[in-house]
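What follows is one structure encoded as structure tokens, with my remarks underneath.
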Amino acid sequence: MSALELLTWARGTGLSLALVIFVFGILLRLFEIFSLGRKADLSRARDTSPGSGWRTIVRRSLPPPGLFKRSPVTYIGGYVFHIGFAITLLFFVPHIELVRGLTGLSWPGLPMQVVDIAAVAAILALFVVLASRLTNPVKRFLSGAQDYFAWLLTLLPLLTGYLAFHHVIVDYTLMLALHILSVELLLVALPFTKLFHTVSVFVSRWYNGDIFGRKGVAS
Amino acid sequence: MAIDGPTIAEVLRQQGISRRGFLKFCATTASLMALPPSMVPAIAAALENARRPSVIWLSFQECTGCTESLTRSHSPSIEALILEQISLDYHHTLQAASGTAAEAARKAAMQENAGKYLLVVDGSIPLGNAGFSTIAGISNLDMLKETAAGAAAVIAVGTCAAYGGIPAAQPNPTGAVPVSAIIKDKPVLNVPGCPPIPVVITGVLAHFLTFGSLPELDALGRPKTFYGETIHDRCYRRPFYDQGKFAETFDDEGARKGWCLFKLGCKGPVTYNACATTKWNQGVSFPIQSGHGCIGCSEPGFWDAGPFYKALSMPIGPAKAAVGAAVVAGLAAGSAVALRNRSAKKSAQAAHQKVTVADLEKSK
């Protein structure tokens, strides 16, 4: 199989298979989570802070007072990674073309150099947070094999994309194929690992904020 | 491989080509093939003294586009003259002889120059049924094997001969294969393209005449000097790609301003060829300069590598239908899980037994 054939498979059959598992998995997990339901809360809700759920969505994205100074690596690394990853994913013109091909939606992209810097920042941040995870005893204790697997799955698309864009190590065709395959691996694993937070993060934040609001300890 | 007759230099002089013009050609060839300037005199000396090499040209499942490209691309250039000065002893389209005489010419050239002649092939070879493509009652496969046996080297011209091309595209009804799938004991050099660039042929011939060997090849059997870089890397529109400026349609403002054609399906990033540097029609233009994206014609299997007008990052499979099916399956499976959860909860509630203090007292 030549590099071009591998690329064709990745863009065709491979992508279709990955999207099927991705969409199926996300729907299944969402049904699973929502259909579990909660026991009826028989106590009367404290109505002192309406909209607590929505506020929490915003507030949990900002560091609480004091924590930024206590664990700057976690916060700065987290911000740099997530913002860099979002810029790379959403504003690289070929990525927008992929979305347009699938949904018909499109928006203006950013110059390649800006995306390049964002990708490098995201890759470096991933290594910094991994070093922190390995050296900080608490983080290390909390980490299991799945966390390192998720880290690798996130790194691979960024790394292969960067290498493909700069034409290093192997030729562009093969690296582009590997890049798309690594994204497909990420899509397949996303619904069934902690990477599902991509979908569930705001749902769970809203729920936490709302339930605490009912209990009178709104954020 | 030399046969009697005038040397290439003598022929060029007869055609009115000056020494300066000839050396200019040698210098261009050297730079095209990434050879140091010190090699120019060596190329000149070798070409001047070379006798016309015997070339047998076999055409199998092809459209004659490669021959058109090489012989009619432009009127007299030094490249064309060099091409004319080879002793083309057999070529279906170009030779005057026909029928038995034509085949006799092939046999004669094979005998006289055994082990020395160059074999050029365009077109793919059908393995499905020998009758799919025959010449003088001889199957393509038999003719290729027979003629290649005494050749010094084989040059597969065009994507069909190099990689199978359109005859080998899905569903490949004739079982077409490239030359390299059959000839294993000879050096096979691929000059892919649909059609290939004429100067690549003359460059390879010049190399063969100068050094007596074929130039360095890449993993796909192509001369690295011409196929070492992608169209995208050498494209004059590349700065627009980097700036994020793209033509959205073939007649919008971006297209008129000459912006990058990536979104219109240009395959330049995955295509290795020299179009962007040597260009066509004596350096006049190449497809991207004319406003159309590269279709990747020098890559194996390019016919089956997705639509020509879809951007490289776009899905080419039945992704939309697949996602639709996944949504239906996901909703169904999700509903089933939800029902199971509900019934599990209900049965747990039904099976719930209340324990009172009196019960606990009793069990003591």
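Note that the structure is predicted; figures quoted are calculated from it, not measured.
Between chain B and the residues A/G101, A/A18, A/A3, A/G25, the largest count of heavy-atom pairs under 4.5 Å involves A/G101. Taking chain B as the reference chain and counting heavy-atom pairs below 4.5 Å, the highest number among A/M112, A/E5, A/R29 is found for A/M112. With chain A as the partner, the residue from B/L220, B/V328, B/D233, B/L339 showing the most heavy-atom pairs under 4.5 Å is B/D233. Chain A forms the most heavy-atom pairs under 4.5 Å with one residue out of B/A344, B/A321, B/P269, and that residue is B/P269. Comparing B/R342, B/K345, B/E299 by heavy-atom pairs within less than 4.5 Å of chain A, the highest count is held by B/K345.
If you measure heavy-atom distances from A/F22 to chain B, you find no contacts under 4.5 Å at all. Proximity to chain A is limited to the side chain of B/F246, based on heavy atoms less than 4.5 angstrom apart. Interface remark: B/A325 contributes no atoms to any contact with chain A (heavy atom separation under 4.5 Å). Neither the backbone nor the side chain of A/D116 has a heavy atom closer than 4.5 Å to any heavy atom of chain B. For a residue to count as touching a neighbouring chain, one of its non-hydrogen atoms must lie under 4.5 Å from one of that chain's; by this rule A/L102 touches chain B with backbone and side chain alike. In this structure, chain B has a heavy atom under 4.5 Å from the side chain of A/L7, while its backbone stays farther away. For chain A, the nearby parts of B/S335 are the backbone and the side chain; heavy atoms of each come within less than 4.5 Å.
Taking all atoms of both residues into account, the shortest heavy-atom contact from A/S35 to B/N341 is OG-ND2, 3.1 Å. The minimum heavy-atom distance linking A/L98 with B/P315 is given by the pair CD1-CD, 3.5 Å. Taking all atoms of both residues into account, the shortest heavy-atom contact from A/L176 to B/V270 is CD2-CG1, 4.4 Å. For the residue pair B/Y272 and A/Y172, the shortest heavy atom distance occurs at OH-N, 3.6 Å. When all heavy atoms are compared, the tightest approach of A/V93 to B/K263 is CG1-CE, 3.4 Å. Minimum heavy-atom separation, B/A338 to A/F31: CB-CD2, 4.5 Å.
The CD atom of B/E248 sits 6.5 Å away from atom CZ of A/R100, with the distance rounded to the nearest 0.5 Å. Between B/I316 atom CD1 and A/W9 atom CH2 the span is 11.5 Å, to the nearest 0.5 Å. How far CG of A/L4 is from NZ of B/K267: 9.5 Å, rounded to the nearest 0.5 Å.
Inter-residue side-chain proximity for B/T230 and A/H167 is flagged as met; some heavy-atom pair is nearer than 4.5 Å. Side-chain contact between B/Q243 and A/P111 is absent, with no heavy atoms from C-beta onward closer than 4.5 Å. For the pair B/V327 and A/L27, the minimum side-chain heavy-atom distance is below 4.5 Å.
More than 12 heavy-atom neighbours from other residues, nucleotides or ligands sit within 6.0 angstrom of CH2 on A/W151. For A/Y148, the OH atom counts as densely surrounded, since its 6.0 Å shell holds more than 12 non-hydrogen atoms of other residues, nucleotides or ligands. Counting non-hydrogen atoms of neighbouring residues, nucleotides and ligands closer than 6.0 angstrom, the CZ atom of B/R234 reaches no more than 12 such neighbours.
The main-chain N or O of B/L312 is found under 3.5 Å from a side-chain atom of A/R11 such that the two form a donor-acceptor pair.
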Q: Apply the test side chain to side chain contact (heavy atoms under 4.5 Å, CB included) to residues A/L28 and B/V337: give CA-CA distance (whole Å), side-chain angles for both, the deciding distance (0.1 Å), then the verdict.
A: CA-CA 8 Å; A/L28 189 70; B/V337 168; 3.8 Å; yes
